[in-house]
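Predicted model only: the values in this text are computed from it and were never measured. Start at 1 with the first residue, then count along the sequence.
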Amino acid sequence: MAEPTGGPSTARGVLLDSFKGATDDAKLTQALSYVSQQTYKPAIVLGQRSMEFKRPRQVFDGLAFTGLISGNEFHYNQRVKISVPGSGWLTLPKGRTRGLYVGNLSFEGDSGTAFFADQASGGPVLWASHFENLAFNLFKHVIWGVHTAVTFSGYWDVNNSYDTPFKLWGSDNSYWTDGMLIDSPRMGPGDRYHVWLPNVSKTVVGPVFATARANVCALRLDGGRGVVLNGARFDAQAQAGHPTSGSQLLITGGRFVRVRDCWFYGGMADPGAAGHSQPAHDRGVVTVTGGAGIVLDGLMFSDGDGVQPDATRPGTPHVHIGGGSGIRIRDIQASGTPVVRRASSVPAASIVTDPDVTVSVG
């Protein structure tokens, strides 16, 4: 059994630098071997320095990585460089993996590397795991995978992704309950999202602050049931000439969906230039094309209010309903008169609003 060499002790776990090895990967091999054989697994503590890992690692139940002190902003406390081109650093075995923890760390990737190796909807499931106070910079993807009872907490900072950083399936999850700042100007053309939820159920998404530019749509939801999006802020750098070309929030499906107290600015600046595969996905700042039992409650739409330039094209709907049923729009606010439209194919009876909000057809 590989054991620590007696380096500095910490109540947080075992220090990576207390294991032998000429490189960070060699030290990590020894640390993983030691931790995996413990009945009660200590966290592997990554110290206050720059380090680099180039080998993929298969996770196991109870594996934990943490920083020596709290902190998640780029480079201030440590810099963990990950480079596994064409794959991801952490890989999941078949079946279910339980009890992972990653916290208080700043990771930097590259254009070919994902933090977790990509998984699709039928892949292995990450179960009952916790990720908190994390930063991810310059990754192709951060996490594409299936989760059950996974929590993202603390404050997250995600920047400069080369493609959609988060694509998540599963149920019973709590994502970004304390917030996330996300801004990824490096994404290529086409259908790109900060957060893409193809099918999640009984899941809460918390107060993310998403700055989406050009063709990027901040959040897309396609299916599942019992999803709550709470307090998100959908921003754009319109004052710097980088508005969001199309929709900032896209809902194409799902049952029992609640979007509450969200703020929008700088969307739908030039939907024809977004280059998305389906023009129907860019009809309003919030676009709904499907789903049942959707509540849009307390949405706020700013035109800049004299402080920032208004990048949204005049007459653009704040909310456009292109499909779906059982849609309720309550307490909508806008700098001017709220604009809500429905496609002619959507029955008027499918939408309920406050008495002072008119739903036009178009």
May I have the step-by-step check of side chain to side chain donor-acceptor pair (under 3.5 Å) for Asp172 and Thr148, ending in yes or no? CA-CA 6 Å; Asp172 310 347; Thr148 299; 5.9 Å; no
side-chain contact (heavy atoms from CB on, under 4.5 Å) evaluation trace for Ser153 with His130: CA-CA 8 Å; Ser153 72; His130 185 196; 2.7 Å; yes
Worked check of side-chain contact (heavy atoms from CB on, under 4.5 Å) between Tyr175 and Val208: CA-CA 9 Å; Tyr175 290 137; Val208 301; over 6 Å; no
Test side-chain contact (heavy atoms from CB on, under 4.5 Å) on Val285 and Phe234 and set out the steps. CA-CA 10 Å; Val285 178; Phe234 297 86; over 6 Å; no
Full working for side-chain contact (heavy atoms from CB on, under 4.5 Å) between Leu221 and Val200: CA-CA 8 Å; Leu221 172 67; Val200 294; 4.1 Å; yes
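Applying the ring-ring contact (aromatic ring centres under 6.0 Å, His included) test to residues at least two apart or on different chains, the pairs with a partner in residues 308-329 are Phe301-His318.
Side-chain atoms of His281 and Ser247, non-hydrogen and from C-beta on, never get closer than 4.5 Å to each other. Ser245 is not listed as a side-chain neighbour of Asn215, based on a closest heavy-atom distance of 4.5 Å or more. Proximity of Leu92 to Val59: side-chain heavy atoms (C-beta onward) are separated by under 4.5 Å at one or more points. Residues Asp354 and Arg330 form a side-chain contact, since some pair of their non-hydrogen atoms from C-beta on lies under 4.5 Å apart. Taking 4.5 Å as the limit, every side-chain heavy atom of Phe65 sits out of range of all side-chain heavy atoms of Leu16. The shortest side-chain heavy-atom distance between Asp183 and Asp235 does not fall under the 4.5 Å cut-off. Side-chain contact check for Ile329 versus Val340: some heavy-atom pair is nearer than 4.5 Å. Between Lys167 and His141, the closest side-chain pair of non-hydrogen atoms is not below 4.5 Å.
Checking each of Val286, Thr287, Thr316 against Met268 for a side-chain contact (heavy atoms from CB on, under 4.5 Å) leaves exactly one that passes, namely Thr316. When Arg49, Lys81, Arg55 are each tested for a side chain to side chain donor-acceptor pair (under 3.5 Å) with Asp24, only one passes: Arg49.
Formation of a donor-acceptor pair under 3.5 Å by the Gln38 side chain with backbone atoms of Tyr34 is found in this model. A side-chain donor-acceptor contact under 3.5 Å links Trp144 to the backbone of Thr164. Listed for the Asp110 side chain is a donor-acceptor partner under 3.5 Å among the backbone atoms of Thr113. No donor-acceptor distance shorter than 3.5 angstrom exists from the side chain of Asp310 to the backbone of Gly304, with no hydrogens or angles considered. Between the side chain of Asn173 and the backbone N or O of Val150 there is at least one donor-acceptor pair closer than 3.5 Å. Asn133 places a side-chain N or O within donor-acceptor distance of the main-chain N or O of Tyr155, the cut-off being under 3.5 Å. Panel note: side chain Arg233, backbone Pro207; a donor-acceptor pair is recorded below 3.5 Å.
The ring pair (Phe, Tyr, Trp, His ring centres under 6.0 Å) search around Trp169 returns none, not counting sequence neighbours. Judged as a ring pair (Phe, Tyr, Trp, His ring centres under 6.0 Å), and not counting sequence neighbours, His276 has no contacts. Scored by the ring pair (Phe, Tyr, Trp, His ring centres under 6.0 Å) test, Phe60 finds no partners at all (sequence neighbours excluded). Not counting sequence neighbours, the partners of Trp196 by the ring pair (Phe, Tyr, Trp, His ring centres under 6.0 Å) test are Tyr193.
If you take CZ on Phe136 and CD1 on Ile182, they are separated by 10.5 Å, rounding to the nearest 0.5 Å.
No more than 12 heavy atoms of other residues, nucleotides or ligands sit less than 6.0 Å from atom CZ of Arg283.
Looking at every heavy atom in both residues, Asp297 comes nearest to Asp331 through OD1-OD2, 4.1 Å. Scanning all heavy atoms of the two residues, the minimum distance from Ala343 to Val361 falls at C-CG1, 4.4 Å. Between His147 and Phe152, the shortest heavy-atom distance links the atoms CE1-CZ, 3.9 Å. Of all the heavy atoms in Gly99 and Ser129, the pair that sits closest is N-OG, 3.4 Å. Of all heavy-atom pairs spanning Ser161 and Lys140, the tightest one is CB-O, 4.4 Å. Summarising the geometry of Thr244 relative to Val216, their closest heavy-atom pair is CG2-O, 3.4 Å, with the distance given to 0.1 Å.
Between Asp25 and Arg57 there is a salt bridge, with a side-chain nitrogen of the basic residue lying less than 4.0 Å from a carboxylate oxygen of the acidic one.
Grouped by direct or indirect side-chain proximity (heavy atoms under 4.5 Å, Ile/Leu/Val/Met/Phe/Trp/Tyr only), Tyr265 sits with Trp263, Met300.
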